[in-house]
Protein chains: 2
Amino acid sequence: MEFQRGQTIIVEGEPANSFFNVTSGVVKLLRSLPSGRIQIVGFRQPGEFFGIAEGEKYTSSAEAITCGTVCRFSRAGLENELRTYPELQTRLLFMSFKQLTASQEQALMLGRMTAREKVASFLMLYGYRSLHDHIKQKQWAMLPMSRAEIADFLGLTIETVSRTLTSLARDEIIAVGRKSHFIQVIDPAALAHATGSSRQDV
Amino acid sequence: MEFQRGQTIIVEGEPANSFFNVTSGVVKLLRSLPSGRIQIVGFRQPGEFFGIAEGEKYTSSAEAITCGTVCRFSRAGLENELRTYPELQTRLLFMSFKQLTASQEQALMLGRMTAREKVASFLMLYGYRSLHDHIKQKQWAMLPMSRAEIADFLGLTIETVSRTLTSLARDEIIAVGRKSHFIQVIDPAALAHATGSSRQDV
DNA sequence: CGAAGGTTTGAATATGCTCAACTAATGTGG
DNA sequence: CCACATTAGTTGAGCATATTCAAACCTTCG
């Protein structure tokens, strides 16, 4: 199943009939409030799954950040697969643990980090290797997500993300390309320090 | 394995040799920053597990909120159990999905809710049924966690949690007992409305 | 009773948000 | 290919929410 940038794949609250595995591209998972506020609760890259909930309804929506493809399983089909290939279940469990850890890491960021620490942490996660694999530049990393998506992931506003990136660039820790999706990490140690999570500081 | 209130069960960063299942009591999972800031990334009640990570080290610490007991499995022992009882793995996968959903719910709270919405959401989750099962009062719910723990779960300060509870009480949505761990929901509809997550408002 | 821990309340402050203007990049039709 | 519209991103000023620091309060426990 192919999708285009911005395309909605699943909608929060609808019957959870399918389960997806990303084969190419990047997908964002998000939850929203009636007032229109959005929180991105995770990104899914090739090899990662989404769309399974413990209940009968999806607990988050999924939208494509880049164009790409996903593999779609029906719920029943998946259960069948699991019965025939028990190692698949082990693999799924392992990936689920990984996603849980990532989600807890995000909770730490959201709850206890300053804007600068959040943005620095985000860049440590996504600012090095290009998620977009068909673009290969040595020094410059291509962030597939927009400023709005970074903001919705970090629990900030677009303006604060923009200001913080500018500030990190002014401090020569990173450089921002003319096309704003391109970012270069100039001083990795300083970036790690700016996250507030590295051990050797304080 | 028994534990007392406040007792540390596992420590973030140490080798992940064991896996735990809560049999009684309540446990908090937390991550911390070098600067001393704490974020609680989940609570674990009877029947729920913790302590498994995708890597070799624990990614969060665990501390007892109440006295209680946990069942401890060695990593190898668990792998054995899984091989002999495949349904156990299915059950574990299911619970893992549930924890992931809860963590994503928390991300929404942390990233996009106001202090009042956070506290109201917290009370919707934990303010009705007493987690402490040996205390049974009809109207009053007993919150096992302190103001500090609520604050560390919601990404707020103790003062803000306290002020917000006082405010909700002033609005006659809840009542706070003289023993501050006791809370009564007076107006459930108003509480739901105060979360900002209910559909019929806006 | 006095000490200790947890909680509440108050006043001033700071961090990030809102609103608004401006700039840069992208796309469209003539 | 250029003028113009459109969208995404940046920058600025003032403001609001939650924090910090400080003091008071209340329960519990020795």
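Each chain gets a letter, A, B and so on, in the order the sequences are listed, and its residues count up from 1.
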Participant: Is any side-chain N or O of His181(A) closer than 4.0 Å to OP1 or OP2 of dA25(C)?
Facilitator: no

Participant: Hey, are Thr195(B) and Ser121(B) close enough side-chain-wise for a donor-acceptor pair under 3.5 Å?
Facilitator: no

Participant: When all nucleic acid strands are considered with a 4.0 Å heavy-atom cut-off, which category describes Gly177(A): base, sugar-phosphate, or nothing?
Facilitator: nothing

Participant: So, is Thr166(B) near the phosphate of dT9(C), with a side-chain N or O under 4.0 Å from OP1 or OP2?
Facilitator: yes

Participant: Of the options dT18(C), dG9(D), dT19(D), whose atoms approach the side-chain atoms of Ser146(A) most closely?
Facilitator: dG9(D)

Participant: Looking only at N and O atoms, is any donor in the side chain of Arg112(A) or the base of dT19(D) less than 3.5 Å from an acceptor on the other one?
Facilitator: no

Participant: I want to verify a distance call: between dT10(D), dA18(D), dA13(D), whose nearest atom is closest to the Leu156(B) side chain?
Facilitator: dA18(D)

Participant: Within the 4.0 Å heavy-atom criterion, would you say Leu165(A) contacts the bases, only the backbone, or no part of the nucleic acid?
Facilitator: nothing

Participant: For the side chain of Ser162(A), counting heavy atoms from C-beta on, which of dT7(C), dG16(C), dT11(D) is nearest?
Facilitator: dT11(D)

Participant: Can a donor-acceptor pair under 3.5 Å be found between the side-chain atoms of Arg116(A) and the base atoms of dG16(C)?
Facilitator: no

Participant: Please indicate whether Glu2(A) has more than 12 foreign heavy atoms, meaning atoms of other residues, nucleotides or ligands, lying under 6.0 Å from its CD.
Facilitator: no

Participant: On DNA chain C, nearest-nucleotide positions of Ala115(A) versus Val161(B): which is more 5'?
Facilitator: Val161(B)

Participant: Could you tell me how the ring of Phe43(A) sits relative to the ring of Tyr126(A): parallel (under 30°), tilted (30 to 60°) or perpendicular (over 60°)?
Facilitator: perpendicular

Participant: Can you see whether Ser162(A) engages Arg147(A) through a side-chain donor-acceptor pair at a distance of less than 3.5 angstrom?
Facilitator: no

Participant: Using the side-chain heavy atoms of Arg163(A), tell me which of these nucleotides is nearest: dT19(D), dT11(D), dG16(C).
Facilitator: dT11(D)

Participant: Going by modelled atom types, is there a donor-acceptor pair between the base of dT26(C) and the side chain of Arg178(A) at under 3.5 Å?
Facilitator: no

Participant: Output the single nucleotide from dT18(C), dA18(D), dT9(C) whose closest atom is nearest the side chain of Glu159(A).
Facilitator: dT18(C)

Participant: Heavy atoms from C-beta onward define the side chain here; which of dG16(C), dG12(D), dT8(C) lies closest to that of Ser180(B)?
Facilitator: dT8(C)

Participant: Looking at Met95(B) and Glu48(B), what are the two nearest heavy atoms and their distance?
Facilitator: CE-CA, 3.6 Å

Participant: Answer yes or no: does a side-chain N or O of Arg147(B) lie under 4.0 Å from OP1 or OP2 of dT8(C)?
Facilitator: yes

Participant: Both Lys179(A) and Thr160(A) contact DNA chain C. Which one's nearest nucleotide lies toward the 5' end?
Facilitator: Thr160(A)

